[in-house]
Amino acid sequence: MSKITESARGEACSLRLDKCFGGVGNESVVFAHKNGAGMGQKYLDEDGNDVGFYSCYYCHQVYDGTIKHEYYNKLFVEEMAEFAIRETDKKLKKKGLK
């Protein structure tokens with residue numbers, strides 16, 4: 001587990017979809033890697049740092065397409081994920097991880 005992946009512990013979900021719930025103390029929040037790097041591949045930036053966002057279990061499932069939301073389409077969720085990535089990057093920089 002990388003330091004960036006570990007940094008999700010106790011953080012709030014950055015995606016914040018309508019049924020977002022990180023659990024008590026945000027115990028279900030993980031670092032969700034950005035989709036699009038290829039099957040089974042983690043998306044990495046040019047420096048080798050993980051690219052993604054802090055996500056609760058529910059938001060991660062919607063982002064990955066495991067849960068089909070009744071009115072969020074794929075394009076909307078991907079756009080929201082870009083905002084979540086920027087927010088998470090700011091937190092990672094404050095923590096000295098990027």
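Start at 1 with the first residue, then count along the sequence.
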Quick one: pull up [atom1] in [X] and [atom2] in [Y] and give me the separation to the nearest 0.5 Å.
X	Y	atom1	atom2	answer
Glu6	Ile4	CD	CD1	11.0 Å
Phe83	Arg16	CZ	CZ	11.5 Å
Leu17	Phe76	CG	CZ	7.0 Å
Phe31	Leu92	CZ	CG	6.0 Å

For the pair [X] (side chain) and [Y] (backbone), establish whether a donor and an acceptor sit closer than 3.5 Å, ignoring hydrogens and angles.
X	Y	answer
Lys95	Ser7	yes
Ser28	Gly22	yes
Thr88	Tyr54	yes
Asn73	Leu75	yes

- Smallest heavy-atom separation, Cys13 atom then Cys56 atom, equals SG-N, 3.3 Å
- Closest heavy-atom contact between His60 and Ala32? CD2-CB, 3.2 Å
- Flag yes if Ile67 and Phe53 sit in one hydrophobic cluster, no otherwise; membership is Ile, Leu, Val, Met, Phe, Trp, Tyr, and two members link when side-chain heavy atoms are under 4.5 Å apart.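 Ile67 and Phe53: one cluster.
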- Same apolar cluster (I L V M F W Y, side chains within < 4.5 Å links), Val51/Val77: yes
- Message: Measuring only between side-chain heavy atoms, which start at C-beta, is Glu82 closer than 4.5 Å to Lys34?
- Response: yes
- Message: Using the rule side-chain contact (heavy atoms from CB on, under 4.5 Å), only one of Tyr63, Tyr57, Tyr58 pairs with Gln61; which is it?
- Response: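 For Gln61, the side-chain contact (heavy atoms from CB on, under 4.5 Å) test succeeds with only one of Tyr63, Tyr57, Tyr58, which is Tyr57.
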- Task: Using the side chain to side chain contact (heavy atoms under 4.5 Å, CB included) rule, take Leu15 and Met80 through it: C-alpha gap first, then chi angles, then the decisive distance, then the call.
- Result: CA-CA 7 Å; Leu15 195 52; Met80 293 300 294; 3.8 Å; yes
- Item | Trace of the ring-ring contact (aromatic ring centres under 6.0 Å, His included) decision for Tyr71 with His69 | CA-CA 6 Å; Tyr71 54 86; His69 195 279; 4.6 Å; yes
